[in-house]
Undergrad: 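Would you mind keeping the following structure in view while I ask a few things?
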Amino acid sequence: MNKGTKLAMGFATITLLLAGCGKATSSTSSSKSSSAELSGKVTAVGSTALQPLAAKAGANFTSKHSKVNLTVQGGGSGTGLSQVQSGAVSLGDSDIFAEEKKGIDASKLTDHKVAVVGMGPVVNKDSGVKNLKMSQLKQIFTGKITNWKMVGGKDQKIVIINRAQGSGTRATFENAVLKGATAVKSQEQDSNGAVQKIVATTPGAVSYLAFSYYTNKLQAVSVDNVAPTDNNVENNKWKIWSYEHMYTKGTPNATTAAFLKYMTSKDVQNSLVKDMGYISIHDMQVTKDAKGVVTSK
Amino acid sequence: MEQTSSGFKQEDTQPKDWAQQLHHATRATREDWFGRGISYLCIGVIILVVASMLWFITSKGIATFTHNHVNVGQFLTGTNWAPDQGKTGALPMIIGSFAVTFAAAIVATPFAVGTAIFMTEIAPKRGRKVLQPVIELLVGIPSVVYGFIGLAVVVPFMRHLVGGSGFGIISATFVLFVMVLPTITTMTVDSLRAVPRFYKEASLALGATRWQTVSRVILRAATPGILTAIIFGMARAFGEALAVQMVIGNAAIMPKNLISPASTLTSQLTTGIGDTIDGTLPNNALWSLALILLLMSLFFNALVRIIAKRGQLSHER
């Protein structure tokens with residue numbers, strides 16, 4: 001009993017002390033951030049492809065607005081979309097348009113495009129292939145071409161590594177390359193990191209990755225003699241790319257809106273976005289809609 | 001209860017009105033209530049958690065059949081798994097799960113029983129000093145590390161040894177073998193140690209050699225315990241997700257051989273769950289896979305209980 005009361009008193013003191021500290025710090029910081037006082041909790045959940053950028057930008061944002069509590073979590077594009085639709089989180093991160101996902105009512109969500117990601121096919125270095133035609137790429141992933149020698153490479157069996165069904169990267173790749181055809185059943189991996197490692201070490205392996213995951217242990221493949229570069233994405237010569245979306249349900253509150261404005265600001269787009277291997281939305285010379293129709297700006 | 005506790009009290013407090021002491025709860029009694037209250041509370045919370053999990057997984061898992069109107073038989077026997085396109089044949093994963101589980105148990109059991117015999121009968125001292133810590137270390141290694149080693153070592157090794165891409169049931173078996181080995185070994189050691197000493201003494205006194213004693217008396221007497229150990233190992237293998245997922249290749253196709261990519265219930269669950277939307281068929285189908293996993297672990301548990309009961313009976317005879 002005695003112990004209990006002592007403990008309780010101890011906790012009470014600590015809480016009081018902490019509360020005191022909290023007040024002290026918040027009063028100093030509020031004097032720093034002069035005009036608009038932003039506060040509240042923002043939670044962004046979803047796409048693992050967007051997660052590193054969102055986390056970094058979030059950290060920078062909260063260092064400017066110390067009363068804002070911003071959390072960024074992964075979980076996958078599907079999780080992000082369903083969580084924002086149910087109102088559980090303020091931002092749903094997604095690699096794909098909400099319209100492309102069954103079970104999501106896109107009319108209730110507002111799209112905010114915060115970056116562009118280029119993706120492309122990668123092969124194991126042994127295969128001896130550096131360029132493929134778009135039609136060849138399609139035939140490989142639909143299982144019609146099964147040996148690298150059929151497309152000018154070594155006599156080696158092709159090992160297809162797919163991303164999981166429903167993954168945003170896979171959806172982007174299949175929209176651009178397969179155009180409605182069904183991919184042959186093959187290995188499925190659930191992350192860019194796993195794909196990177198497996199393609200690098202498995203002879204004959206082919207898969208697709210976001211540009212930021214390219215390494216010199218992999219052979220990046222050109223398609224129709226167009227190299228996978230940011231410039232070629234910006235003018236749409238390179239067809240395999242997608243937006244990174246942050247979805248809100250209805251009109252976002254002031255803090256969420258401020259964060260979205262910060263994400264799309266020239267400042268962030270030109271520094272952080274590029275540094276982390278994404279492409280700035282301001283550099284794009286074209287726009288793509290949910291149906292995949294590309295129009296030049 | 002009150003009488004005994006007030007009897008205790010008499011010594012450390014000055015004598016008071018006895019009648020009053022007997023009518024009021026003493027400090028010891030209150031502590032007793034307090035302790036009992038806490039343990040009931042904990043039990044209650046745990047029961048609540050388990051019950052709500054069972055309810056949650058079951059209700060989500062049967063939605064595929066009640067809400068999306070998928071035929072149960074087709075779900076269990078269909079071989080085409082593409083829930084995005086409405087095809088929900090889960091047989092490839094069910095086969096994959098059972099294949100890696102049984103293969104791992106079959107490979108691991110002789111090694112585990114051999115190690116256990118060494119640790120209890122042949123060299124008990126060295127066994128306790130050297131092998132015990134080694135095996136405990138194996139238990140403590142996180143499964144992602146096993147998976148990583150599997151990806152970096154086992155997969156290339158299998159590729160050189162048997163061909164193919166190296167991803168497949170055989171690699172998963174190899175990784176799971178190491179992962180279930182400590183489970184089976186430690187539990188077998190326990191059951192060997194539990195064999196009454198006079199069994200061994202009687203056998204040796206009759207002139208049996210050490211090997212005859214071990215193989216015909218001790219192992220025989222410990223059989224129910226060893227079977228329990230194997231089943232626990234299988235339950236561990238059946239539920240293992242991460243390590244298997246990294247080496248099996250995750251292809252939802254019927255496994256034709258041991259060296260082509262296959263998938264298990266758990267590997268499909270972990271790869272797919274983040275990309276599906278609540279309440280849609282792809283999501284519900286994954287919950288149904290979870291339900292199958294849950295039912296299987298209940299089945300394993302029931303099996304362990306039955307064997308334990310049988311074992312007790314045979315010991316009593």
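Note that the coordinates shown come from a computational prediction; the quantities given were computed from them, not determined experimentally. Naming: A, B, ... by sequence-line order, numbering from 1 per chain.
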Undergrad: Closest approach of Q187(A) and A251(B), non-hydrogen atoms and distance?
TA: N-CB, 3.7 Å
Undergrad: Which answer fits S165(B), side chain, backbone, both or neither, if we ask what part of it has an atom under 4.5 Å from a heavy atom of chain A?
TA: both
Undergrad: Measure the spacing between CG of D84(B) and CD of E174(A) and express it to the nearest 0.5 Å.
TA: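 If we round to the nearest 0.5 Å, D84(B):CG and E174(A):CD are 9.0 Å apart.
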Undergrad: Any side-chain heavy-atom pair from V159(A) and F167(B) closer than 4.5 angstrom?
TA: no
Undergrad: In this structure, are over 12 heavy atoms from other groups packed under 6.0 Å from M276(A) atom CE?
TA: yes
Undergrad: Between chain A and each of Q245(B), M246(B), Q268(B), count heavy-atom pairs under 4.5 Å; write down the option with the most.
TA: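 Heavy-atom pair counts peak at Q245(B).
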Undergrad: Can you see which heavy atom on T280(B) is nearest to which on K102(A), and at what distance?
TA: CG2-O, 3.6 Å
Undergrad: Closest heavy-atom contact between Q165(A) and P83(B)?
TA: OE1-CD, 3.5 Å
Undergrad: Minimum heavy-atom separation for D275(B) and K101(A), please, with both atom names.
TA: O-NZ, 2.6 Å
Undergrad: Determine the option with the most heavy-atom pairs under 4.5 angstrom with chain B, choosing from T48(A), N162(A), I104(A).
TA: I104(A)
Undergrad: Can you say whether N80(B) sits under 4.5 Å from chain A via the side chain, the backbone, both, or neither, judging by heavy atoms?
TA: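 Backbone plus side chain of N80(B), per the 4.5 Å heavy-atom cut-off to chain A.
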Undergrad: Heavy-atom distance under 4.5 Å to chain B: side chain of S167(A), backbone, both or neither?
TA: both
Undergrad: Can you see which heavy atom on T79(A) is nearest to which on I273(B), and at what distance?
TA: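 Nearest pair, atom of T79(A) first, then I273(B): OG1-O, 4.2 Å.
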Undergrad: How far apart are the closest heavy atoms of G78(A) and I277(B), and which atoms are they?
TA: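 Result for this residue pair: O-CD1, 3.3 Å.
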Undergrad: By a 4.5 Å heavy-atom criterion (distance strictly below it), what part of T182(A) contacts chain B: side chain, backbone, both, or neither?
TA: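 Just its side chain gets close to chain B.
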Undergrad: Would you say the side chain of R159(B) lies within less than 4.5 Å of the side chain of T202(A), judging by non-hydrogen atoms?
TA: yes
Undergrad: Mark yes when over 12 heavy atoms from residues, nucleotides or ligands other than K130(A) sit less than 6.0 Å from its NZ; otherwise mark no.
TA: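 Not more than 12 within 6.0 Å, no.
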Undergrad: Does a sphere of radius 6.0 Å around NZ in K185(A) hold more than 12 heavy atoms from other residues, nucleotides or ligands, not counting ones at 6.0 Å or beyond?
TA: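 Yes.
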Undergrad: Sort A262(B) into side chain, backbone, both or neither according to what part of it lies under 4.5 angstrom from a heavy atom of chain A.
TA: neither
Undergrad: So does F65(B) have more than 12 non-hydrogen atoms from other groups sitting under 6.0 Å from CZ?
TA: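 Atom CZ in F65(B) is packed in, count exceeds 12.
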Undergrad: For K197(A), is it the side chain, the backbone, both or neither that has a heavy atom under 4.5 Å from a heavy atom of chain B?
TA: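 Just the side chain, heavy atoms under 4.5 Å.
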Undergrad: Just wondering, are more than 12 heavy atoms of other shown residues or ligands nearer than 6.0 Å to CZ in F174(B)?
TA: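 For F174(B), atom CZ is not crowded (no more than 12 foreign heavy atoms under 6.0 Å).
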Undergrad: Between N250(B) and E188(A) (side chain of the first, backbone of the second, donor and acceptor by atom type, cut-off under 3.5 Å), is there such a pair?
TA: yes
Undergrad: Name the member of A205(A), G74(A), G76(A) that forms the most heavy-atom pairs with chain B at distances under 4.5 Å.
TA: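 Result: the option with the highest number of such pairs is G76(A).
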